Amino acid sequence: MTVLVRPKGLGDYKAREFRMLIDGQWVAGAEGRTIERVAPGHGVVVSRYQAATSADAERAILAARRAFDEGPWPRMTASERSRVLLRAADMIEARADELAFLDAVESGKPISQAKGELTGAADIWRYAAALARELSGESYNALGEGTLGVVLREAIGVVSIITPWNFPFLIVSQKLPFALAAGCTTVVKPSELTSGSTLLLGEILEAAGVPAGVVNIIVGTGPEAGAPLTSHPDIDMVSFTGSTGVGRLTMANAAQTLKKVSLELGGKNPQIVFPDANLDEFVDAAVFGAYFNAGECCNAGSRLILHRDIADEVTAQIASLSAKVKVGDPLDPETQVGAIITPQHLEKIAGYVSAAAGDGATVAHGGAALDLGIGQFMAPTILSAVRPEMAVAREEVFGPVLSVLTFETTEEAIRIANSIDYGLSAGVWSRDFDTCLTIGRRVRAGTIWMNTFMDGAAELPFGGYRQSGLGRELGRHAVEDYTETKTLNMHIGGRTNWWMPR
């Protein structure tokens with residue numbers, strides 16, 4: 001059984017009306033069309049956005065271009081930019097409840113989780129503020145008496161930032177403050193499903209002292225509003241988080257003008273478990289890793305690779321704990337798994353489960369959508385007897401679905417872990433340090449957790465191998481990612497004329 005928390009409705013809540021932020025002005029779209037967001041956990045309209053067209057994207061890009069070429073932001077001292085980012089962090093904390101509420105009703109995530117993400121986001125803004133003052137170049141004083149070399153780091157220019165629906169405020173906070181710390185100007189396009197908190201961030205940044213045109217925020221679909229942000233010649237860099245398929249399209253569009261691209265894409269992340277592991281701790285981490293954010297998470301631990309000697313026992317324990325997970329109303333503080341983002345996505349998740357069962361997998365827990373009267377919800381689901389070649393073991397389901405595979409040797413576990421196209425993260429569970437280190441060095445993924453799962457900090461880089469993306473976010477080099485290097489090769493004293501005879 002699944003513990004259900006039935007939605008209580010939103011009472012007399014009235015849908016919020018939002019405009020776009022372009023060049024310091026809150027404006028309507030060129031065509032006056034709107035996008036309505038229906039709360040996935042409550043079935044009512046909670047937000048209305050102005051729908052951007054390519055003309056609106058063009059206006060935002062030109063505003064960011066002027067702000068970079070002529071405005072004060074790139075020319076401020078690092079300490080001045082840092083103080084603005086610190087003020088923004090304070091304001092994010094002050095408005096955390098309001099921001100978390102919007103993320104919860106628009107995305108369907110549990111309110112308690114949304115509040116935790118806001119705390120993490122404010123910390124990231126403060127970390128970016130600190131890195132702003134650490135940005136530096138290099139000097140070379142050993143090139144001979146007549147030469148001095150200096151390498152400068154300069155803001156790359158105008159950055160388009162495109163973010164997904166699953167972590168609306170957290171993911172924009174993994175990108176925007178670092179671009180601002182470097183001195184860049186930006187055009188931000190959040191998902192049209194969950195734009196509310198990003199638009200409120202625009203208000204916060206204005207109040208914190210970010211000049212007009214430095215941060216522009218538009219809302220719209222990928223083809224209409226997103227495509228220009230990936231191909232326009234006045235965009236110098238694209239930072240995109242989303243599906244691998246759209247990531248490929250983003251890279252292709254950016255190739256038209258050979259702009260820099262940073263991509264954080266999909267994942268199909270394994271947790272490899274050996275018999276000597278602390279199984280009680282692992283079972284808790286497995287349930288968390290599979291169902292956090294309803295599994296709508298690129299880092300979800302959606303593949304369990306269990307040693308055959310413990311597979312049946314551990315699967316039963318995970319099923320037992322899964323039955324205690326509370327699913328339902330995103331605004332109930334006790335809820336652990338909220339709503340699925342859209343009816344279409346719920347159908348896709350259920351389709352993966354049905355196909356796997358038809359191909360020989362066993363539904364060990366859950367396996368179907370839940371009817372809570374309103375909204376769309378999926379039962380936490382465990383599939384055992386999954387084979388590595390099944391779609392559910394290779395493709396990103398992006399839902400609360402856990403696939404259980406088995407292995408006998410360390411070599412087999414590594415082979416299964418590395419057998420797919422993704423390489424975002426992985427976990428290994430063993431009391432033997434040599435075993436953990438072997439897995440950590442040989443599994444091809446950007447993050448390897450050892451006897452834990454989905455921990456993180458602003459200081460640690462995040463990104464993936466292969467089709468999980470390009471580049472890294474966070475970490476001590478995060479601001480540098482939004483810069484170019486420039487070499488100043490300076491001659492000192494008289495110069496020998498060697499090219500033309502005298």
Side-chain angles (χ1 to χ4, degrees), residues 61 63-86 88-89 124-140 148-163 171-188 205 209-211 213-216 229-230 232-241 250-251 254-255 257-264 446 458-464 469-490:
I61 292 167
R65 184 80 263 165
R66 282 194 304 271
F68 185 79
D69 294 341
E70 304 169 14
W73 186 255
R75 294 155 190 86
M76 287 182 179
T77 66
S79 63
E80 289 172 326
R81 288 197 294 268
S82 178
R83 285 195 293 272
V84 172
L85 299 181
L86 288 172
I124 293 171
W125 281 82
R126 293 193 175 99
Y127 183 62
L131 290 184
R133 303 184 69 162
E134 290 293 312
L135 192 62
S136 61
E138 305 162 1
S139 64
Y140 294 86
L148 176 65
V150 175
V151 179
L152 305 179
R153 280 203 172 270
E154 298 182 343
I156 197 169
V158 178
V159 180
S160 65
I161 294 175
I162 303 173
T163 58
I171 290 180
V172 75
S173 296
Q174 292 178 182
K175 301 173 183 289
L176 181 56
F178 299 101
L180 295 177
C184 296
T185 60
T186 62
V187 181
V188 181
L205 295 177
V210 175
V214 173
V215 176
N216 305 273
L229 302 186
T230 63
H232 197 286
D234 279 334
I235 294 290
D236 299 298
M237 176 180 172
V238 181
S239 181
F240 170 84
T241 295
T250 297
M251 178 176 281
T257 49
L258 294 179
K259 60 178 92 276
K260 183 176 181 179
V261 178
S262 174
L263 302 174
E264 197 276 286
E459 292 83 356
L460 300 177
F462 174 68
L470 296 173
R472 295 293 183 268
E473 296 180 339
L474 304 177
R476 61 191 295 262
H477 300 294
V479 175
E480 294 179 7
D481 290 343
Y482 294 94
T483 66
E484 290 275 24
T485 56
K486 177 186 288 182
T487 297
L488 303 183
N489 191 326
M490 297 176 280

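None of these values were measured; they are calculated from a predicted model.
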Within-4.5 Å side-chain heavy-atom neighbours: Lys259 and Ser160: no
Full working for side chain to side chain contact (heavy atoms under 4.5 Å, CB included) between Thr250 and Thr230: CA-CA 6 Å; Thr250 297; Thr230 63; 3.8 Å; yes
Nearest-0.5 Å distance, CZ of residue Arg472 to CD of residue Gln174: 13.0 Å
Validation row: Leu205, Leu176 side chains within 4.5 angstrom (heavy atoms): yes
Heavy-atom pair of closest approach, residues Val261 and Ala254: CG2-CB, 3.3 Å
From Leu131 atom CG to Leu474 atom CG, the distance as rounded to the nearest 0.5 Å: 10.0 Å
Student check: side-chain heavy atoms of His477 and Pro461 closer than 4.5 Å: no
Arg153 side chain to Lys486 backbone, donor-acceptor under 3.5 Å: no
Test item: Arg65 and Asp236 side chains (from C-beta on) under 4.5 Å apart, heavy atoms: yes
Nearest-0.5 Å distance, CD of residue Glu484 to NZ of residue Lys260: 7.0 Å
Exercise: identify the closest heavy-atom pair between Ala64 and Thr185: O-OG1, 2.8 Å
Test item: Arg133 side-chain N/O and Ala129 main-chain N/O as donor-acceptor pair under 3.5 Å: no
Closest approach of Ala182 to Leu135 (non-hydrogen atoms, all atoms of both residues): CA-CD2, 4.4 Å
Spacing of CE belonging to Met251 relative to CZ belonging to Phe240, to within rounding of 0.5 Å: 11.5 Å
Separation of Leu488 CG from Ser139 OG (nearest 0.5 Å): 11.5 Å
Lys175/Asp481 ion pair, N-O < 4.0 Å: no
Check: Val151 and Thr485 side chains under 4.5 Å, non-hydrogen atoms: yes
Verdict with reasoning, Val158 to Ile235, per side chain to side chain contact (heavy atoms under 4.5 Å, CB included): CA-CA 5 Å; Val158 178; Ile235 294 290; 3.7 Å; yes
Heavy-atom check, side chain of Leu229 versus side chain of Ile61, under 4.5 Å: yes
Check: Thr186 and Val215 side chains under 4.5 Å, non-hydrogen atoms: yes
Sidechain-backbone polar pair: Arg83 side chain, Ala78 backbone, donor-acceptor under 3.5 Å: no
Non-hydrogen side-chain atoms of Val84 and Val210 separated by less than 4.5 Å: yes
Heavy-atom closest contact (Glu473 atom, Ser239 atom, distance): OE2-OG, 3.9 Å
Which atom of Glu480 lies closest to which atom of Thr483, heavy atoms considered: O-OG1, 2.6 Å
Exercise: identify the closest heavy-atom pair between Pro74 and Ala67: CD-O, 3.8 Å
Spatial distance of atom CG (Leu180) from atom CH2 (Trp125) [nearest 0.5 Å]: 5.5 Å
